[in-house]
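Take a look at the structure below.
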Amino acid sequence: MSTTFWIIIAGAVATYLTRVGGHLVISRFDNVHPRVEAGLNAVPAAVLTTLVAPAALGAGPAEWAALIVAAAVSLRGGLMSMFLAGAAVLILARQFAG
Amino acid sequence: MSAEAISESNAKSDFWDGVRLSMPVVVASAPFALLFGAIAVDNGFSVLEAFLMSALIFGGASQMVGIELFGQHVAPWLIVLSIFAVNFRHVLYSAGLGRRIAHWPVVQQALGFFIMTDPQYAVSEARAQSGETVGFAWYLGLGLPVYVFWVIESALGAVFGKLIPDTHALGIDFLLPIYFLGLVMGFRKRPLWLPVVVASAVASTIAYKTVGSPWHVSIGAVAGVLLAVILPPHHSGVGERP
């Protein structure tokens, strides 16, 4: 078996450990402390923000316009409509702003 | 209809509800799967290896990082460690999702964690928040199309990699941040949402500029979560237990 193959296998095992690890640790406790629960409730917004903020800051006017429009649409509409609106603005703005 | 038939038809409609919700993710991740396949072959992977990596790891950002390091002939253990580091945020997702799927049989849970990605976790969490059960059929409907398309498109990208047209003009490189912003906005009714988002945004940006990628993800996430832990429970909307 090639080195590449073993890198893939080891990477897959490491990745699966991250996917079950949090649950295996937390499920050992019978009672989840309120502060831990508050922390877990903050996880989605906290992690997903880190996938947006640096990308947004490093971007330009076209991307900013797309994000602003998408955010505005998301206040009223669903995920799909905000996504399509953002993508449309992005493609359009890039024709002009590059 | 017998009770069994009713529950089976419920599972079916739950599955298709999930499939419907998976569509934006399938669309947004398609370019990255194609791109991954193309880059993988460019960096010395065979088509089969690119396919295997997508099928077994199923984590876009970590695959890109792994491929990039592989192309630079970095030591294998360091490539694996980097894949682990990029995927480390899943530990937090896993702890959160575990609360929602604790009623599943263990084998289903094991499979559920295997296909857990950022949107998979976030959409499940949103469903749990709205008071609905996160069932296996629904979860599978949400995750399976993303997985199947991801793996197939990676292989396609590896075979036809050079054919992707101008990705910048099509906005492909920025589709995922838009989608992730939508997920963030979806949680805006949660207590402490704004402080958490601000803390994570500031911390991840500073970390991005100083420590560098991919650590900014874990550092930014921990900053937001810690803030929620530190603030007194009456702010976080989690009642003290009797």
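Every value quoted in this text rests on a predicted model; they were computed, and no experiment measured them.
Interface remark: of the candidates A:Ala14, A:Ala10, A:Pro44, A:Pro44 forms the most heavy-atom pairs closer than 4.5 Å to chain B. Chain A forms more heavy-atom pairs under 4.5 Å with one residue of B:Gln63, B:Gln129, B:Lys209, B:Arg99 than with any other, namely B:Arg99. By number of non-hydrogen pairs under 4.5 angstrom with chain B, the leading residue of A:Gly86, A:Gly58, A:Ser74 is A:Ser74. Of the residues considered (B:Val225, B:Leu52, B:Leu226), B:Val225 shows the highest number of contacts with chain A, using heavy-atom pairs under 4.5 Å. Among B:Glu49, B:Gln109, B:Glu125, B:Met53, the residue with the largest count of heavy-atom pairs under 4.5 Å with chain A is B:Glu49. Per-residue heavy-atom pair counts under 4.5 Å with chain A were compared for B:Val202, B:Leu181, B:Leu97, B:Ile206, and the maximum is reached by B:Leu181. Chain A forms the most heavy-atom pairs under 4.5 Å with one residue out of B:Ile178, B:Leu56, B:Leu21, B:Ile83, and that residue is B:Ile178. For the options A:Ile26, A:Leu57, A:Leu84, A:Ile7, heavy-atom pairs under 4.5 Å to chain B are most numerous at A:Ile7. Considering only heavy-atom pairs separated by less than 4.5 Å from chain A, the leading option among B:Gly186, B:Ala122, B:Gly224, B:Gly182 is B:Gly182.
In terms of heavy-atom proximity, B:Met185 sits nearest to A:Leu75 at CE-CD2, 3.7 Å. Contact between B:Gly96 and A:Leu40 at its shortest, heavy atoms only, is N-CD2, 4.2 Å. Taking both residues in full, the closest heavy atoms of B:Phe174 and A:Ala55 are given as CE1-O, 3.8 Å, listed atom of the first, atom of the second, then distance. In terms of heavy atoms, A:Ala45 sits closest to B:Val184 at O-CG2, 4.5 Å. In plain terms, the two heavy atoms of B:Ser204 and A:Ala53 that are nearest each other are OG-CB, 4.0 Å. The nearest pair of heavy atoms linking B:Ala28 to A:Phe83 is CB-CZ, 3.7 Å.
Atom CZ of B:Phe114 is separated from atom CZ of A:Arg19 by 7.0 Å, given to the nearest 0.5 angstrom. Taken from NE2 in B:His216 to CG in A:Leu51, the straight-line distance is 7.0 Å, to the nearest 0.5 Å. Here the straight-line distance linking atom OG1 of A:Thr18 with atom CZ of B:Phe88 works out to 8.5 Å at 0.5 Å rounding. Separating the CG atom in B:Leu48 from the CD1 atom in A:Ile8 is a distance of 8.0 Å, to the nearest 0.5 Å. Atoms CE and OH, on B:Met116 and A:Tyr16 in that order, are 9.5 Å from each other to the nearest 0.5 Å. Atom-to-atom distance recorded for B:Phe113:CZ and A:Leu24:CG is 7.5 Å, nearest 0.5 angstrom.
Judged by distance alone, with hydrogens and angles left aside, the side-chain atoms of B:Arg89 form no donor-acceptor pair with the main-chain N or O of A:Val47 at under 3.5 Å. Put simply, the side chain of B:Ser94 gets close to the backbone of A:His23: a donor and an acceptor are under 3.5 Å apart.
In this structure, chain B has no heavy atom under 4.5 Å from any part of A:Ser27. Contact annotation for B:Phe187: only side-chain heavy atoms (C-beta onward) come within less than 4.5 Å of a heavy atom of chain A. Proximity to chain A (any heavy atom under 4.5 Å) is restricted, for B:Ile79, to the side chain, taken from C-beta onward. Of the two parts of B:Ala110, the backbone and the side chain both hold a non-hydrogen atom closer than 4.5 Å to a non-hydrogen atom of chain A. No part of B:Val198 comes within reach of chain A, as not one of its non-hydrogen atoms sits under 4.5 angstrom from that chain. Of the two parts of B:Phe180, the backbone and the side chain both hold a non-hydrogen atom closer than 4.5 Å to a non-hydrogen atom of chain A. Contact annotation for B:Tyr121: only side-chain heavy atoms (C-beta onward) come within less than 4.5 Å of a heavy atom of chain A.
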Let's go through B:Val229 and A:Val36 carefully: what are the C-alpha distance in whole Å and the side-chain angles of both, what is the deciding distance for side chain to side chain contact (heavy atoms under 4.5 Å, CB included) to 0.1 Å, and is it a yes or a no? CA-CA 6 Å; B:Val229 171; A:Val36 175; over 6 Å; no
Could you check B:His90 against A:Val20 for side chain to side chain contact (heavy atoms under 4.5 Å, CB included), going step by step and ending with a plain yes or no? CA-CA 8 Å; B:His90 291 137; A:Val20 289; over 6 Å; no
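Using modelled atom types and a 3.5 Å distance limit, the side chains of A:Thr15 and B:Asn87 yield a donor-acceptor pair.
Between A:Glu63 and B:Pro177 the shortest side-chain heavy-atom distance does not fall below 4.5 Å.
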